[in-house]
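Single-structure report; data block below.
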Amino acid sequence: MVIQQPSNQIKLTNVSLVRLKKGKKRFEVACYKNKVLEWRSGIETDLDNVLQIPNVFLNVSKGQTAPTAELQKAFGKDTSVNDIILEILKKGEMQVGEKERSAQLERVHNEVVSIVASKLVDPRTKKVYTTGMIDKALDMLSSQAHQLQEKEKEKKDAAASGTASPATGESGEAKPQPTKSLPIWTGVSTNKSAKSQALEAMKALVAHQPIPVARARMRLRITCTTNVLKQAVKAPKGESNKDGEEGEKKAPGTVKDKILSFVEQVESQDVMGQEWELVGFVEPGALKILSDFIGSETKGQGRVEVLDMAVTHED
């Protein structure tokens, strides 16, 4: 007697799983160990070196592949299997052993701390902090965030049991409702890139200031024709001018004045023929606004060039 194995069962061994919940189903792909992180970070680009088999599973350990009907229901009828695999690889959660998970977390953590330490400075001295000091500051934020989450959980449990109201304290007094929440930091994850997590960590450090920190400034070169510099800055159309007529209202100050308002510190400034050139430092958040302003006001006669993404001073 011949026992037929179900056609949708494939046996795989020594695999690293990536799992994604979509709708009410969980879908898995079977990968070679250590290759998923390399693919996510851009080191590995060939999917053949990442996937043990180019297929989507409902359960890899049982060798149960996902039926086409289930894939179409969860991802859409027009989505190819290859696109589904890519989505699972990008957004899915890696299923790894405890030792492997710890090693991954430590690797991502060290990379995040290194990136943050290179982008933040002491605002008083403009010097960078050591990775050890940044690590301690992030630990402080993480502990505070977990304590806050525990308190919120206790409040919800108390509210659910009827012993307290979410809008009042234990004494029944009205409690002020929270305004816009600040960025929080709860620690690293293996599901996001180190670069994106470093950005989140920097936002939290700048917002909470467990140690005095500021984003390292960018060094730019700004050039513009001298005739444009003397022009008055124009307000958006639709605003009325001082005669009460709608049109382009001229705001006080020239294009040059507006450009200089973005620059925290001027390193050099010179005029060569009909072209004005300035080298200076700006906050990273001001770069896009400055670039947009120069693009719209100078009509192609001005430009911004980034000379250094993060200027810091090291001991």
Compare all side-chain heavy atoms of C31 with those of L89 and state whether any distance is below 4.5 angstrom.
-> yes
CD1 of I85 to CZ of F27: how many Å apart, nearest 0.5 Å?
-> 12.5 Å
Is N110 reaching over with its side chain to a backbone N or O of E106, donor-acceptor style, under 3.5 angstrom?
-> yes
Say you draw a straight line from NZ of K299 to CD of Q231; how long is it, rounded to the nearest 0.5 Å?
-> 8.5 Å
Hey, does the side chain of E152 reach the backbone of E154 with a donor-acceptor pair shorter than 3.5 angstrom?
-> no
Look at R219 together with E267 and state whether they make a salt bridge at an N to O cut-off of under 4.0 Å.
-> yes
Do you know which two heavy atoms are closest between Y32 and N49, and how far apart they sit?
-> CD1-O, 3.5 Å
Between E93 and K21, is there a salt bridge with N-O shorter than 4.0 Å?
-> no
With a 4.5 Å heavy-atom cut-off, do R40 and K35 have their side chains touching?
-> no
Has the side chain of S291 got a donor or acceptor atom that lies under 3.5 Å from a matching backbone atom of L287?
-> yes
Check the pair T45 / W39 against side-chain contact (heavy atoms from CB on, under 4.5 Å), numbers first and verdict last.
-> CA-CA 6 Å; T45 57; W39 183 82; 5.8 Å; no
Is it true that L86 and I84 fall in one hydrophobic cluster, defined by side-chain heavy atoms closer than 4.5 Å?
-> yes
Going only through I, L, V, M, F, W and Y residues with side-chain contacts under 4.5 Å, is there a path from V279 to V304?
-> no
side-chain contact (heavy atoms from CB on, under 4.5 Å) assessment of T186 paired with Q149 = CA-CA 10 Å; T186 56; Q149 288 173 347; 3.6 Å; yes
Please walk me through it: do T65 and V56 pass side-chain contact (heavy atoms from CB on, under 4.5 Å)?
-> CA-CA 6 Å; T65 57; V56 182; over 6 Å; no
OG1-CD distance between T226 and Q301, expressed to the nearest 0.5 angstrom = 9.5 Å
So does K126 pair up with D122, basic N to acidic O under 4.0 Å?
-> no
Do V233 and T254 have side chains that get closer than 4.5 Å, going by heavy atoms?
-> no
Please check if the side chain of E275 supplies one atom and the backbone of M272 the other of a donor-acceptor pair under 3.5 Å.
-> no
Does a donor on one side chain and an acceptor on the other come within less than 3.5 Å for Q144 and W185?
-> no
Decide side-chain hydrogen bond (donor to acceptor under 3.5 Å, both in side chains) for N59 and S61; before the verdict, give the C-alpha distance in whole Å, the side-chain angles of both, and the deciding distance to 0.1 Å.
-> CA-CA 6 Å; N59 191 312; S61 61; 2.5 Å; yes
Between S189 and V108, the two heavy atoms sitting closest are O-CG1, 3.8 Å
Nearest heavy atoms of E38 and S41, plus distance in Å | O-OG, 3.1 Å
Among side-chain atoms of S142 and D139, is any donor-acceptor pair under 3.5 angstrom?
-> no
Test L20 against every option in K25, K90, E87 by the side-chain contact (heavy atoms from CB on, under 4.5 Å) rule and name the one that passes.
-> E87
Heavy-atom nearest pair, R217 first then P284, reads CA-CD, 4.5 Å
Gap separating the CD atom of E283 from the CD1 atom of I289, nearest 0.5 angstrom | 11.5 Å
Expected output: side-chain S114 to main-chain E111 donor-acceptor under 3.5 Å = no
Flag yes if more than 12 heavy atoms outside Q274 fall under 6.0 Å of its CD atom; otherwise flag no.
-> no
dist K192:NZ -> L199:CG (nearest 0.5 Å) comes out at 10.5 Å
Kindly indicate, with the supporting measurements, whether the criterion side-chain contact (heavy atoms from CB on, under 4.5 Å) is fulfilled by R303 and R221.
-> CA-CA 8 Å; R303 63 183 183 275; R221 176 185 290 118; over 6 Å; no
Do V50 and D46 come close enough that some side-chain heavy atom pair is under 4.5 Å?
-> no
Mark yes or no for whether E264, through its side chain, and V282, through its backbone, hold a donor-acceptor pair below 3.5 Å.
-> no
Single-linkage hydrophobic cluster, 4.5 Å side-chain cutoff, M202 and M218 together | no
In one Ile/Leu/Val/Met/Phe/Trp/Tyr side-chain cluster, 4.5 Å: V213, I184 | no
Step-by-step salt bridge (Lys or Arg N to Asp or Glu O under 4.0 Å) determination, E297 to K258 | CA-CA 10 Å; E297 289 289 333; K258 185 69 174 178; over 6 Å; no
So do P67 and L58 actually touch side chain to side chain, heavy atoms under 4.5 Å?
-> yes
I222 and V263, any side-chain heavy atoms less than 4.5 Å apart | yes
Exercise: identify the closest heavy-atom pair between V116 and A201 = CG2-CB, 3.9 Å
Any K22 side-chain heavy atom under 4.5 Å of F75 side chain | yes
Is E150 salt-bridged to K153, cutoff N-O under 4.0 Å?
-> no
Contact summary for P123 and P212, nearest pair of heavy atoms | CD-O, 3.4 Å
Answer yes or no: is there a donor N or O on one side and an acceptor on the other, between the side chain of R107 and the main chain of S102, under 3.5 Å?
-> no
Any side-chain heavy atom of L307 within less than 4.5 Å of one from L220?
-> no
Between OG1 on residue T223 and CD on residue E305, distance to nearest 0.5 Å | 8.0 Å
Distance-only polar pair, side chains of T225 and N227, donor-acceptor under 3.5 Å | yes
Spell out, yes or no, whether L278 and L290 are grouped together once hydrophobic residues are joined by side-chain heavy atoms under 4.5 Å, including indirect joins.
-> yes
Backbone of G187 reached by a side-chain donor or acceptor of H109 within 3.5 Å = no
